[in-house]
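Shown next, in structure tokens, is the structure this report addresses.
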Amino acid sequence: MDFLELEAIEGLRWSWNSWPISKSESNSLVVPLSIMCTPLMQLNELPILPYDPLTCNRCAAVLNPYARVDYQSRIWICPFCYNRNSFPRSYSNIGENNIPAELFPTYSTVEYQLGKKGLTLNTNSHNWGNGRLSSSNSMSGEMSSPSLVSSFSSNSLSGLGLDSRGAGPGFVFVVDACSVDEELRVLKNELLHIVADLPDNCLVGLVVFDSMVRVFDLGFSECFRVVVFHGEREISSNQIKQMLGIHYVKQQVGKAHAIQKQGFLLPLSECEFNITTAIEDIQSSSQAITGHRPQRATGAAISVSLGLLEGCLGTPGSRIMVFTSGPATIGPGMIVDTDLGNDIRTHRDLNSGYAAYYRKSCEFYKRISERLTDSSIVLDLFACSLDQVGAVELRSPVESSGGFMMLGESFESDQFRKCLRHLFNRDEDGNLKMCFDATIEIVTTKDVKICGALGPCVSLRKSNGSVCVKEVGEGGTYIWKLGTLNNKTCIAFFFQVGDEQKAQPSSAFFIQFITRYRHGNMGIRERVTTAARRWVGTHSPEINAGFDQEAAASVMARLAIRETERSFTHDVIKWLDQMLIRFASKFGDYVQEDPSSFRLSSNFSLYPQFMYYLRRSQFIDVFNSSPDESAFFRLMLNREGVVNSLIMIQPTLFKYSFDGPPVPVLLDVCSISPDVILLFDSYFCVVIHYGSKIAQWRKLGYEQDPNQESFRMLLEAPVLDAEQLVAERVPVPKLIKCDQHSSQARFLLAKLNPSVTQNTQSYMDGTEIILTDDVSLQVFIEHLQALAVQG
């Protein structure tokens, strides 16, 4: 079973592709029944349908290829609840040779453009052109079949902002004026570049902060007019609106959103000169008292920006983009005081409860998270500083809103420039590649219960008969909210077999994912993915055959991250070990009490290796990582798909040599050799490691000798591959070039399996060793075998 091919069709990776019919059997699988879902994955064939979906009257499932259709009676039977539903008049010409795209067997995923008033019929009936249908590789694709489009009036999608004249998404740029002059200059240039490239209908606002928070009135052109808030005070949303003199008028049925005239958030076409001038005029206020940090009110600035959007926006779809270069030192959300004699909190401080401001700041940002969710507003954090800035505390609002987080060292870095510009990429129609105000709804067969989700989403606490009492992560619901998402955003959903299982082995069950979101052109889209799998009997070999060990490792990594938020590191490692021992004991083939007889089939053989590297990863072992870095790593793992998650857990290693093309090698210290180049990719870091001989030849300039063409090509190959990796990935990884035995080689050595250490009894002279007390993969597997066979 090729799980990658299935993912390319469905956008789903199942930890188990065949589910046992009994609840007790499913609980004994150790790895939970779960699905890694990438709702907006770019698919090879994705039909974009310019009409509203047809839903079941009982369970609200959308018409899909698994529905049974009676063409004579024009009735379809829902595969989820077996309810009989009548087709509307618009489907009067439906037949075996004339079916809509949502019934095509090859289209398990379709996307709808939702009309404001639903279907608007022409005098002609639907004609699907005998199945001829256009498809799209992107989220902005359109239907091109004239026979289909002609069934709808030209104004059926009006009022959704599809026209470029409608209001676009809103952006509030929150700039830290405590940055030093050079850093602030580079940041201002990048912001000016972004503003110049924004569509004219985008709404923009500007907030600048240091110890005070200044909100610019962009509608006042006589001079710079700002409203100033004190950075040490926590001000409620209503107070912010009152002080800004704005309020939002509720939408009336059948009428457009009414927004009181104000100048703090305006279409770019009305204020481009004013906001450009205001950005250029931002001055650095980084001068601080000797021995003290600058007074920086980051939390107050975020709260004021949020209040501004809450009062001004009539249409969901906006971002607060924070650009900061240091920690918050005053007001709500502060993480350290201004006195440099007091260090910023460490992992030890957080574990022991000695971080004085941590709990209060987390409570403040939790309230911010709730306000962001209620208003469908996204919070992004661009932090460029050699010090911590408070990413641990800010992780909650950034992650729950689906926002972007970047931790860098300087605004002058390519990393910052590429990340910011990538966020504002446009599609072929000129729309921003951004999606806002999304929800994901799950419809399941009766015997499948929904436990919850882990990822950048928030539970809406809406329950029905499919919702399980047991909660995992964001649970207690069948529908979740996301502030934003892209074609790589991945959510892990967890399920359980129902208590009263009446299904028969080999019968099918169905799960449908319904993702509604606001497209970059501010129109409403709905993507529907319907997947089917089979129930199997107890101890069926199909259970083993359907195990996806890569998806399982990704799921367990997210569960482990959740455990780190409420347990100490050694307790999390102990939990992972216990789960792995149970797993090996259940699925291994062995003779009781004989470790040498232990075997795992090919479907399971890599899973213990994944768990070994997960235990040693920066997600669990926080040694040599600051709390901010750990928060960033965990946030990224919680939203990436299976492939990228596996690279984070077990990095890839390629060898370049004179013997032939690059080949993958073991992530082991034995792979280091003086006459080879290694390319190491851990997702966050890409390392080009030159063996000692290669490094010596390079320093002597051998690649410039025309007779040494092969050596020049050998040096170029890993550089080109590394640059491609860096160019395609966001956030941009750090690119490191190092020689064997150099200090920078530690980035590679820290991730390698220490099969040869200072304690190894015999090793050849010149062999690379790792100075560590960590156990090697071989020793780990031997201990696992010994414990698994005990029963």
Side-chain angles (χ1 to χ4, degrees), residues 2-5 548-550 553 600 602-610 612-614 616-617 641-698 702-703 708-729 733-742 744-756 763-764 766-770 776-778 780-781:
D2 193 327
F3 303 120
L4 281 174
E5 288 183 7
D548 184 347
Q549 48 194 338
E550 294 181 352
L600 277 173
S602 58
N603 267 33
F604 301 104
S605 58
L606 294 178
Y607 182 73
Q609 182 176 311
F610 294 148
Y612 169 76
Y613 286 107
L614 176 60
R616 303 180 73 233
S617 70
V642 173
V643 174
N644 285 338
S645 295
L646 256 293
I647 295 175
M648 297 181 197
I649 295 168
Q650 181 176 319
T652 60
L653 190 64
F654 281 83
K655 181 179 76 172
Y656 296 75
S657 68
F658 292 110
D659 297 335
V663 293
V665 292
L666 294 174
L667 192 65
D668 193 290
V669 66
C670 294
S671 297
I672 296 178
S673 179
D675 57 352
V676 303
I677 303 174
L678 296 176
L679 178 60
F680 169 82
D681 178 16
S682 68
Y683 189 86
F684 302 106
C685 180
V686 175
V687 178
I688 302 175
H689 180 275
Y690 299 96
S692 56
K693 287 184 180 179
I694 299 289
Q696 185 178 5
W697 295 339
R698 189 195 69 236
Y702 284 2
E703 73 277 8
Q708 302 295 335
E709 181 70 12
S710 59
F711 181 61
R712 183 185 64 80
M713 295 176 64
L714 177 64
L715 290 179
E716 288 179 352
V719 174
L720 293 174
D721 291 344
E723 289 176 349
Q724 184 177 355
L725 284 173
V726 170
E728 294 175 349
R729 188 170 297 161
K734 182 184 295 185
L735 178 60
I736 298 170
K737 298 179 182 179
C738 64
D739 298 336
Q740 188 177 0
H741 308 307
S742 68
Q744 294 285 79
R746 70 185 186 275
F747 288 97
L748 171 64
L749 295 177
K751 299 295 183 182
L752 297 180
N753 170 36
S755 59
V756 183
Y763 57 86
M764 297 175 59
T767 302
E768 186 78 33
I769 67 170
I770 296 179
S776 66
L777 176 60
Q778 294 84 344
F780 178 79
I781 296 297

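- Checking side-chain atoms of Ser682 against main-chain N and O of Cys685 turns up a donor-acceptor pair under 3.5 Å.
- With sequence neighbours left out, Ser671 forms a side chain to side chain donor-acceptor pair (under 3.5 Å) with no residue at all.
- To the nearest 0.5 Å, atoms CG (Asp739) and NZ (Lys693) are separated by 15.5 Å.
- Between Ile647 and Arg729, the shortest heavy-atom distance links the atoms CD1-NH2, 4.3 Å.
- No side-chain heavy atom of Leu735 sits under 4.5 Å from any side-chain heavy atom of Val687.
- If you take CD1 on Ile694 and CG on Leu714, they are separated by 5.0 Å, rounding to the nearest 0.5 Å.
- Residues passing the side chain to side chain donor-acceptor pair (under 3.5 Å) test with Asn644 are Glu640, sequence neighbours excluded.
- Within the structure, side chain to side chain donor-acceptor pair (under 3.5 Å) contacts touching residues 713-725 (residues at least two apart or in different chains) are Tyr656-Asp721, Arg712-Glu716, Gln724-Glu728.
- Nearest heavy atoms, Ile688 versus Pro718: CD1-O, 3.9 Å.
- A side-chain donor-acceptor contact under 3.5 Å links Tyr613 to the backbone of Leu667.
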Determine whether Val756 and Ile770 satisfy the following criterion, side-chain contact (heavy atoms from CB on, under 4.5 Å), listing intermediate values before the conclusion. CA-CA 6 Å; Val756 183; Ile770 296 179; over 6 Å; no
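- At least one side-chain heavy atom of Leu748 sits less than 4.5 Å from a side-chain heavy atom of Leu678.
- Under 3.5 Å, the side chains of Gln708 and Glu703 contain no donor-acceptor pair of N or O atoms.
- Between Pro651 and Phe680, some side-chain heavy-atom pair lies under the 4.5 Å cut-off.
- For Ser742 and Gln744, the side-chain atoms include no donor-acceptor pair closer than 3.5 Å.
- We find the CG-CG distance between Leu720 and Leu725 to be 11.5 Å, quoted to the nearest 0.5 Å.
- Of all the heavy atoms in Ser755 and Ser776, the pair that sits closest is CA-CB, 4.0 Å.
- The CG atom of Asp668 lies 11.5 Å from the CD atom of Glu768; values are rounded to the nearest 0.5 Å.
- Taking CG of Leu614 as the reference point, atom CD of Gln609 lies at 12.5 Å (rounded to 0.5 Å).
- The structure places CE of Met648 at 11.0 Å from OG of Ser617, a figure rounded to the nearest 0.5 Å.
- Between Tyr612 and Phe780, the ring planes are tilted. Angles from 30° to 60° get that label.
- The backbone N or O of Ser602 lies less than 3.5 Å from a partner atom in the side chain of Gln549, making a donor-acceptor pair.
- Under the 30°/60° scheme for interplanar angles, the aromatic rings of Phe711 and Trp697 are found to stand perpendicular.
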Checking side-chain contact (heavy atoms from CB on, under 4.5 Å) for the pair His689/Ile677: CA distance, chi angles, key distance, verdict? CA-CA 6 Å; His689 180 275; Ile677 303 174; over 6 Å; no
Please evaluate residues Tyr690 and Leu715 with respect to the criterion side-chain contact (heavy atoms from CB on, under 4.5 Å), reporting the C-alpha separation (whole Å), side-chain torsions for both, the decisive distance (0.1 Å), and the verdict. CA-CA 9 Å; Tyr690 299 96; Leu715 290 179; 3.9 Å; yes
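- Pro754 and Arg616 get closest at one heavy-atom pair: CD-NH2, 3.9 Å.
- Every residue two or more places apart in sequence or in another chain that forms a side chain to side chain donor-acceptor pair (under 3.5 Å) with Lys751 is listed here: Gln618.
- Not counting sequence neighbours, the partners of Phe604 by the ring pair (Phe, Tyr, Trp, His ring centres under 6.0 Å) test are Phe547, Phe583, Phe587.
- For the residue pair Gln778 and Asn753, a side-chain donor N or O sits within less than 3.5 Å of a side-chain acceptor on the partner.
- For Phe684, the ring pair (Phe, Tyr, Trp, His ring centres under 6.0 Å) test picks out Phe632, Phe633, with sequence neighbours left out.
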Quick one, Leu679 with Leu653, criterion side-chain contact (heavy atoms from CB on, under 4.5 Å). Give me CA distance, side-chain angles, the key distance, then yes/no. CA-CA 6 Å; Leu679 178 60; Leu653 190 64; over 6 Å; no
